[in-house]
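Naming convention: chains lettered A, B, ... in sequence-line order (proteins, then strands); numbering from 1 in each chain.
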Amino acid sequence: MNLEQLVSEGVVVAIKTLFDVDLPVDGIALNETIKDYKGDLTVVVFPLTRHSKLSPEQTGQLIGEILKEQVQVVEDFNVIKGFLNLEINNTYYINFLKNSCQDQTYGRGKEGRKIVLEYCGPNTNKPLHLGHIRNMLLGYSTANVLKFAGNKVHKVNIYNDRGIAICKSMLAWQKFGNGETPESTGMKGDHFVGKFYVAFDKYYKEEISALVSNGATKEQAEQEASLLREAREMLLKWEQGDKEILDLWNKMNAWCYEGFEETFKTLGVDFEKHYKESDYYLRGKELVEEGLAKDTFYKKADDSVWVDLEDEGLDQKLLLRGDGTSVYITQDMGIAEARYQDYQFDESIYVVASEQDYHFKVLQLVLEKLEKPYAKGIFHLSYGLVNLPDGRMKSREGTVVDADDLIKEMIATAESHTNDLGKIDDFSEEESKALYRDLALGALKYFILKVNPKRSVIFNPEESIDFQGNTGPFIQFNYVRIQSLLRKQPIETIDYETINLQSEEKELIKEIYKYPQIIKLAAKNYDISEVSNYAFSLAKLYSKFYAGTSILGDTPANTKYFRLQLSKWTGEVLQSAFDLLGIQMPERM
RNA sequence: GGGCCAGUAGCUCAGCUGGAUAGAGCACCUCCCUUCUAAGGAGGCGGUCCUAGGUUCGAAUCCUAGCUGGCUCACCA
């Protein structure tokens with residue numbers, strides 16, 4: 001039984017004894033005692049006064065006396081206003097450390113669901129940007145947390161590999177590419193393809209302004225520009241299976257995939273399977289037919305297919321165009337179906353930005369209307385957009401923060417920062433490089449993952465990401481300090497009976513004690529920032545302990561081993577949390 | 001216009017299912033490296049928790065209305 005349950009039950013018994021009232025154990029309000037007062041756990045007694053018919057102070061006093069007498073872990077108590085502060089026996093915490101610090105599965109849960117988690121979802125016409133970075137870090141780490149909580153998790157990616165946008169890149173390459181390739185130009189594949197996407201837009205705009213100066217309206221010009229018409233023709237040919245177009249499409253997509261793989265690798269994310277939209281968009285049409293047969297959907301005069309979601313508070317939604325071609329949601333229906341056939345999941349998570357909240361509501365409702373067994377297991381893990389100080393990132397206007405560039409800059413910053421400190425002069429070339437990478441990615445990943453996913457964030461490229469304070473490197477630093485101690489002095493047998501716990505040590509143990517709860521909460525709320533913030537507060541407590549306490553110095557052997565053991569465990573929990581975040585811990589820095 | 005989300009220190013963010021004087025980091029100002037890694041520690045400065053009502057013994061937290069910002073309501077994906 002855990003501490004909270006132990007105390008709550010004690011309170012329930014005390015109330016029964018004192019006032020002859022039966023209360024449920026989970027109805028007792030328990031908090032951590034705030035710093036200014038003596039104690040570890042606090043019972044909020046205000047709600048209990050209606051049973052005691054006494055003042056909060058008197059009620060707290062009476063309950064406190066019984067707890068002190070009857071609950072072993074309660075050492076002492078004090079009552080301030082309506083708060084009953086309980087001091088927990090040091091022995092309790094020492095025993096907890098003694099019994100749990102060897103547990104290799106500490107923090108792990110037993111939830112047992114089968115989950116498919118989709119994340120990343122890039123278009124194959126341009127490189128990844130900061131928005132994708134947030135997506136990938138969230139997807140990867142959330143999958144880790146869900147796994148750690150005891151679930152089976154399959155990570156999958158979805159490539160948006162077809163459509164007009166891809167045709168724009170293809171057309172621009174045909175027209176202006178002069179047969180260049182990523183190899184011939186030395187460019188990373190996805191950047192190479194993206195270059196032509198931008199080129200398309202440039203020439204398209206030029207064409208529009210030429211048409212406008214010849215008297216066309218802007219709307220006319222936008223529709224009539226020959227470049228756009230050609231792109232549309234290309235899309236049509238693609239759908240008809242034109243071999244030449246398909247070859248080109250395959251070639252350019254392959255360049256993109258090659259580039260993406262490189263970025264996945266540097267970021268340290270991975271996938272069990274990559275779904276491609278082009279493989280599944282036809283499948284969605286079958287579902288539309290199914291819905292028509294069941295009269296769940298309906299046809300308009302122009303043969304387009306719709307679903308009426310007005311009873312659910314939404315609109316009428318188009319599911320298939322009059323010409324029979326599929327729209328965005330048609331594809332997602334097909335992929336959802338395919339994914340269920342592939343995995344028979346209990347839960348299918350989509351890590352997609354909040355701008356698509358409406359889309360996923362619709363998707364789920366449509367699948368529910370089709371009575372799909374997997375519909376209610378669909379969960380949209382919606383996260384906030386990453387904006388720039390002056391608004392949204394726009395790839396065509398070149399205001400996006402490119403993923404590869406950002407990582408490169410972070411590594412360069414880590415390198416100069418590390419060299420300024422001059423602590424790694426004995427590192428080999430490879431060791432140094434690995435460290436720069438660990439620190440750079442630690443800073444970047446932590447920077448993103450410490451924020452609640454739902455929150456939209458503003459990224460200012462002018463302000464560099466910190467390496468000090470509430471950052472990844474701070475936590476890595478504390479881990480490294482611990483490893484340094486452990487290298488210097490092995491731990492020998494500890495006599496726990498004679499340990500005299502000091503307050504910083506107790507605070508550390510209390511923080512470690514929380515870890516399993518944090519994991520549960522993070523998994524329940526799909527909120528990885530719980531883990532990030534926890535890692536910081538643990539590292540901060542350790543840093544305070546480290547600064548104020550001599551661990552290896554002139555200390556009695558038993559105390560020394562105890563402090564080392566506490567340090568080691570702290571390091572292991574920090575390591576575990578950072579594993580979940582997908583951040584590497586260096587051994588030295 | 002309808003729907004959804006957000007508004008906490010100069011900046012970036014915590015604040016769980018309502019609980020004590022609202023917390024961190026950055027920035028700014030003081031101190032602290034002959035203790036084990038100072039990417040650190042101790043302290044200071046800094047807040048009408050968007051506004052107005054309401055529920056409650058108690059509200060940053062819940063409810064209502066309003067203000068501000070974002071997203072969305074495409075035969076784009």
Taking the side chain of [X] as its heavy atoms from C-beta onward, which of [options] lies nearest to it?
| X | options | result |
| --- | --- | --- |
| Ser550(A) | G41(B), U35(B), A77(B) | U35(B) |
| Glu463(A) | C11(B), G40(B), C73(B) | C11(B) |
| Val480(A) | A39(B), U37(B), A24(B) | U37(B) |
| Ser304(A) | A77(B), C75(B), C36(B) | C75(B) |
| Trp306(A) | C75(B), U37(B), A39(B) | C75(B) |
| Tyr358(A) | G40(B), U72(B), A24(B) | U72(B) |

If [N] has a Watson-Crick or G-U wobble mate with both distances under 3.5 Å, name it; if not, just say none.
| N | result |
| --- | --- |
| C71(B) | G3(B) |
| C26(B) | G10(B) |
| C62(B) | G54(B) |
| A39(B) | none |
| G46(B) | none |

Mind checking if [X] touches a base, just sugar-phosphate, or nothing, with heavy atoms under 4.0 Å?
| X | answer |
| --- | --- |
| Leu439(A) | base |
| Ser537(A) | nothing |
| Arg392(A) | sugar-phosphate |
| Lys423(A) | base |
| Phe467(A) | base |
| His359(A) | nothing |
| Ser484(A) | base |
| Glu277(A) | sugar-phosphate |
| Lys454(A) | nothing |

Taking [M] as the reference, what is the distance to [N] when you measure between their [atom1] atoms (whole Å, please)?
| N | M | atom1 | value |
| --- | --- | --- | --- |
| G15(B) | G23(B) | C1' | 7 Å |
| C16(B) | C33(B) | C1' | 40 Å |
| U48(B) | G43(B) | P | 24 Å |
| U56(B) | G40(B) | C1' | 45 Å |
| C76(B) | A14(B) | C1' | 38 Å |
| C49(B) | A9(B) | C1' | 10 Å |
| G53(B) | G69(B) | C1' | 23 Å |
| C50(B) | C5(B) | C1' | 16 Å |

### Query
Considering heavy-atom distances to RNA chain B, does Ile164(A) or Phe447(A) have its closest nucleotide positioned more toward the 5' end?
Phe447(A)
### Message
On RNA chain B, does the nearest nucleotide to Arg487(A) precede the nearest nucleotide to Leu318(A) from the 5' side, or the other way round? Give the residue.
### Response
Arg487(A)
[X] has an atom [atom1]; how far is it from atom [atom2] of [N], in whole Å?
| X | N | atom1 | atom2 | value |
| --- | --- | --- | --- | --- |
| Leu385(A) | G70(B) | CG | P | 12 Å |
| Phe477(A) | G25(B) | CZ | P | 15 Å |
| Leu564(A) | C36(B) | CG | C1' | 10 Å |
| Gln223(A) | C76(B) | CD | P | 10 Å |
| Asn470(A) | A27(B) | CG | P | 13 Å |
| Lys540(A) | A39(B) | NZ | P | 16 Å |
| Lys35(A) | A24(B) | NZ | C1' | 10 Å |
| Asn460(A) | C26(B) | CG | P | 18 Å |

Crowded around [X] [atom1]? As in, over 12 foreign heavy atoms under 6.0 Å?
| X | atom1 | answer |
| --- | --- | --- |
| Asp554(A) | CG | no |
| Lys520(A) | NZ | no |
| Lys524(A) | NZ | no |

### Task
Scan Gln502(A), Glu504(A), Lys544(A) and name whichever one has a side-chain hydrogen bond (donor to acceptor under 3.5 Å, both in side chains) with Thr549(A).
Gln502(A)
[N] phosphate, OP1 or OP2, under 4.0 Å from [X] side-chain N/O:
| X | N | result |
| --- | --- | --- |
| Arg588(A) | A39(B) | no |
| Arg481(A) | A38(B) | yes |
| Arg162(A) | C76(B) | no |
| Ser354(A) | C71(B) | no |

### Query
Can the positive tip of Arg481(A) be found less than 6.0 Å from the middle of the six-membered ring of Tyr546(A), inside 45° of the ring normal?
yes
### Message
Checking one value: the base orientation of C33(B), syn if chi is within 90 degrees of 0, otherwise anti.
### Response
syn
#### Entry: Spacing of Thr570(A) atom OG1 and Arg563(A) atom CZ [to the nearest 0.5 Å]
13.0 Å
### Query
Does any donor atom in the side chain of Asp40(A) or Thr33(A) lie under 3.5 Å from an acceptor atom in the other side chain?
no
### Task
Starting at the 5' end of nucleotides 14-22 of chain B, put B wherever the base has a protein heavy atom under 4.0 Å, S where only the sugar-phosphate does, and a dash everywhere else.
S----BBB-
Under 6.0 Å between ring centres, would you say that holds for [X] and [Y]?
| X | Y | answer |
| --- | --- | --- |
| Phe200(A) | Tyr197(A) | no |
| His417(A) | Phe467(A) | yes |
| Tyr446(A) | Phe474(A) | no |
| Phe83(A) | Phe46(A) | yes |

### Query
Are Glu289(A) and Lys285(A) ion-paired here, with the side-chain N under 4.0 Å from a carboxylate O?
no
### Task
Confirm from the modelled atom types if Thr471(A) and A39(B) form a donor-acceptor pair under 3.5 Å, side chain to base only.
no
